[in-house]
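Quick note on labels: first sequence line is chain A, next is B, and so on, each numbered from 1.
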Amino acid sequence: MFRDFLKIDVSPLVWAVFRRHLIVFSRNWKVNISFNFFEPLLYLVALGIGLGAYVRPMEGLPYLNYLAPGLVASSAMFATAYECTYGTFIRMEFQKTFQAMVSTPVSMDDVIAGELLYGIFKSVVYGSVIIVVITLLGLVKSPWVLLAPPVMAVAGLLFALLSIVWTGLVPRIDNFNYFFSLIMTPLFLFSGVFFPLTGLPVLIQKAAWFSPLYHVVNLTRGLILGQVGIWLVWELLWIIAVVVLLFPFPFYLMRRLVIR
Amino acid sequence: MDVIVAENLVKEYNGFPAVRGISFRVCEGECFGFLGPNGAGKTSTVRMIYCFSPVSSGQLTVLGMDVRTQAREIKRRLGVVPQENNLDPDLKVLQNLLVYASFFRLPKNKARLTAMELLEFFGLADKAHERVDTLSGGMKRRLTIARALINKPAVLILDEPTTGLDPQARHMVWQRLRRLKEQGVTLILTTHYMEEASQLCDRLVVMDEGEILEEGEPRRLISKHIGAEILEVGFAAAREREIVRQLNGLIRGYQVVGENVFLYPHNGQELLKALQRMPFQLNHQFLRPATLEDVFLKLTGKKLQD
Ligand SMILES: Nc1ncnc2c1ncn2[C@@H]1O[C@H](COP(=O)(O)OP(=O)(O)OP(=O)(O)O)[C@@H](O)[C@H]1O
Ligand SMILES: [Mg+2]
């Protein structure tokens with residue numbers, strides 16, 4: 001049982017699976033990207049500029065500058081989470097794409113690894129699009145920003161794992177609402193995207209340590225604002241540790257779901 | 001050479017036995033059929049052959065390889081047409097074939113060439129750049145078969161290839177399948193159309209409730225169990241015992257089907273004359289060639305389709 005759990009049968013064919021997703025993505029990437037960056041842009045204008053006019057500087061920064069790096073992290077998170085819940089589920093349940101793939105030399109684990117790669121891809125693309133926008137707005141203060149996309153990749157893997165675990169545990173399309181309202185939205189609100197957590201009750205501050213987005217926000221904000229130090233490495237290690245811990249679960253759950 | 005060897009093959013779903021210890025062999029180049037009603041275990045069986053479902057117990061080798069340990073190698077040489085179409089709706093028609101080809105690591109140029117040939121062969125060349133959901137049911141089925149052939153498989157597995165198609169579309173698929181067989185492809189086919197089975201299959205097994213009831217060539221099975229013809233007669237009342245007793249010697253057997261009795265005559269015309277001499281009221285009578293459907297009916301007391 002436990003041996004099955006850890007035995008992950010991935011081959012180079014994952015690249016063929018990933019390529020399939022890229023072909024689909026490239027068919028309407030303009031629409032995809034413009035919709036996805038529309039929402040963070042709304043936040044940037046409404047909160048960063050509108051509300052920001054009345055807000056005291058945060059951690060010594062104008063509100064817009066504080067907010068922008070947080071939105072990079074959160075839009076990467078949402079892009080991946082949508083892809084690896086709704087997207088994955090539709091491919092599995094309605095389109096039977098997984099079933100078609102595993103009738104070829106592709107294994108179920110290749111399919112799931114392909115989903116993870118796509119999740120990573122989405123995180124990097126959507127995170128980077130926002131980075132480009134805020135760079136143009138002059139909100140990026142440091143060349144360390146070049147390390148942000150790799151960080152988005154690791155974060156993307158984390159959010160992809162989380163999302164597919166949810167998909168594997170509660171494979172019903174109605175239940176994805178709960179994923180977003182019960183998990184993603186609280187993460188979005190209480191991970192330091194909009195305000196430092198220091199003003200909140202100690203309990204919430206402590207709880208934030210368990211939020212993956214909190215660590216991703218810290219990393220992106222550090223890199224974008226050039227506030228770098230050894231503490232960034234610890235943030236990264238937190239993410240990597242959780243990735244390692246979660247890694248076998250989506251494979252196990254989805255295998256159990258699809259292969260009968 | 002035997003392409004597929006199954007011994008005491010069992011498939012259970014959470015303790016429910018869908019396939020209950022069946023054994024069969026498929027020879028190279030033949031068309032082998034699984035004929036049976038809904039729930040017989042046809043899909044469960046072929047899914048084990050194409051390494052989708054794990055075998056619960058028993059032995060199963062495909063092309064000399066064990067499905068338990070060499071799934072990828074086996075799948076490389078199979079073509080699979082599943083019961084439900086699972087074409088990729090996010091991709092165009094030609095792209096469906098090309099992306100599928102990439103799962104076999106076929107070189108791009110070669111894949112494109114094969115894909116165009118296949119679209120041509122299945123009469124879909126003019127649809128190459130259409131979206132999949134604009135195709136009709138018959139076209140989708142043909143495209144699914146074309147997709148299964150992209151890797152030039154040694155064995156093509158077809159799970160109900162023509163269910164839901166109109167007669168014309170069905171004949172078109174049959175014609176293509178016959179040509180594939182001529183080219184030496186081993187065909188494995190499940191169906192609950194007895195006509196399909198007798199049109200295409202060299203040998204078949206009749207399945208019901210997870211078990212194999214009979215095995216053989218379609219025509220042999222018919223002559224073994226029924227004979228050449230069937231005389232369907234309807235009696236006024238349930239008097240079949242009495243009548244059948246009187247017809248003793250003229251028939252090899254019979255089957256009661258609702259209001260009707262199917263008589264298996266030695267000679268249809270003679271039986272008809274004999275019946276007309278009898279003092280019974282016959283509601284109707286109908287002499288026709290015997291089919292696999294009748295074999296199935298005799299073996300199970302059930303019809304293949306409702
Ligand atoms: N994934 C599954 N989980 C549980 N039971 C299943 C599953 N798939 C099939 N079964 C059961 O196994 C039995 C055989 O099903 P199978 O699909 O193999 O039949 P079939 O001969 O292909 O029927 P049909 O002609 O309807 O396609 C049925 O009783 C079915 O309910
Ligand atoms: Mg079936």
Side-chain angles (χ1 to χ4, degrees), chain A residues 1 3-4 7-29 31-32 83 86-115 117-118 122 252 254-260, chain B residues 11-14 16 18 43-44 46-54 56 69-92 94-106 108 111 131-133 143-144 147-148 150-151 153 156-157 159:
Chain A
M1 191 68 178
R3 286 238 318 268
D4 283 357
K7 213 178 83 196
I8 296 171
D9 174 22
V10 173
S11 77
L13 285 173
V14 304
W15 297 110
V17 175
F18 181 45
R19 220 184 116 255
R20 178 263 170 212
H21 297 323
L22 290 186
I23 290 171
V24 176
F25 180 80
S26 68
R27 267 184 52 186
N28 39 17
W29 64 275
V31 180
N32 280 336
E83 193 53 59
Y86 288 104
T88 299
F89 185 78
I90 287 169
R91 284 188 281 279
M92 171 181 74
E93 191 67 21
F94 299 133
Q95 304 186 174
K96 307 277 179 207
T97 312
F98 295 0
Q99 284 81 342
M101 285 175 175
V102 297
S103 307
T104 71
V106 171
S107 72
M108 194 56 212
D109 290 346
D110 290 332
V111 171
I112 296 309
E115 295 290 312
L117 282 176
Y118 196 28
K122 283 263 168 124
Y252 173 75
M254 297 303 274
R255 238 183 270 141
R256 212 186 49 164
L257 212 57
V258 178
I259 304 294
R260 293 249 178 77
Chain B
K11 180 67 205 176
E12 288 183 357
Y13 300 104
N14 303 319
F16 171 78
T43 297
S44 302
V46 294
R47 272 190 184 164
M48 289 189 278
I49 297 174
Y50 65 80
C51 308
F52 181 84
S53 295
S56 300
T69 53
Q70 287 173 283
R72 278 191 206 265
E73 192 51 33
I74 291 173
K75 289 193 288 180
R76 211 168 58 78
R77 300 182 52 198
L78 295 186
V80 179
V81 178
Q83 185 166 353
E84 286 172 72
N85 284 334
N86 53 22
L87 296 165
D88 197 329
D90 294 334
L91 302 171
K92 305 276 174 68
L94 177 61
Q95 269 179 334
N96 254 278
L97 301 184
L98 298 180
V99 166
Y100 207 74
S102 74
F103 299 148
F104 293 91
R105 295 168 150 276
L106 302 185
K108 270 189 192 155
R131 290 162 43 114
V132 167
D133 34 358
L143 180 58
T144 308
R147 189 184 66 174
I150 195 82
N151 58 325
L156 179 62
I157 299 173
D159 196 353

* **Residue, of A:Val17, A:Thr97, A:Val102, that accumulates the most heavy atom pairs under 4.5 Å with chain B** => A:Val102
* Structure fact -> Rounding to 0.5 Å, atoms CD1 (A:Ile112) and OG1 (A:Thr88) come to a distance of 7.0 Å
* With the side chain counted from C-beta on, respond yes when A:Met101 and A:Arg91 share a heavy-atom pair under 4.5 Å apart, and no when they do not. => no
* To do: Please check if the side chain of B:Asn151 supplies one atom and the backbone of B:Leu78 the other of a donor-acceptor pair under 3.5 Å.
  => yes
* Asked: Would you call the rings of A:Phe25 and A:Tyr118 parallel, tilted or perpendicular, where under 30° means parallel and over 60° means perpendicular?
  -> perpendicular
* Asked: When only pairs under 4.5 Å are counted, which of B:Leu91, B:Val99, B:Asn14 shares the most heavy-atom pairs with chain A?
  -> B:Leu91
* Side chain of B:Ser53, backbone of B:Met48: donor and acceptor closer than 3.5 Å? -> no
* Structure fact -> Honestly, the part of B:Tyr13 sitting under 4.5 Å from a heavy atom of chain A is side chain
* Can you name the residues of residues 69-77 of chain B that have some heavy atom under 4.5 Å away from a heavy atom in chain A? -> B:Arg72, B:Lys75, B:Arg76
* Asked: Parallel, tilted or perpendicular: which fits the ring planes of A:Trp15 and A:Phe18, with parallel below 30° and perpendicular above 60°?
  -> perpendicular
* To do: Give the member of B:Val80, B:Asp88, B:Ile157 that has the highest number of heavy-atom pairs under 4.5 Å with chain A.
  => B:Asp88
* To do: Under 4.5 Å heavy-atom distance to chain B, tell me which part of A:Asn28 shows up: side chain, backbone, both or neither.
  => neither
* To do: Could you check B:Lys92 against B:Leu94 for side-chain contact (heavy atoms from CB on, under 4.5 Å), going step by step and ending with a plain yes or no?
  => CA-CA 6 Å; B:Lys92 305 276 174 68; B:Leu94 177 61; 5.7 Å; no
* Of the backbone (N, CA, C, O) and the side chain (C-beta and beyond), which part of B:Asp90 lies under 4.5 Å from a heavy atom of chain A, both, or neither? -> both
* Specify which of A:Arg27, A:Lys96, A:Gln99 makes the most heavy-atom pairs with chain B at under 4.5 Å. => A:Arg27
* Just wondering, do B:Leu97 and B:Leu143 contact through their side chains at under 4.5 Å, heavy atoms? -> yes
* Asked: Looking only at side chains, do B:Arg147 and B:Asn85 share a donor and an acceptor under 3.5 Å apart?
  -> no
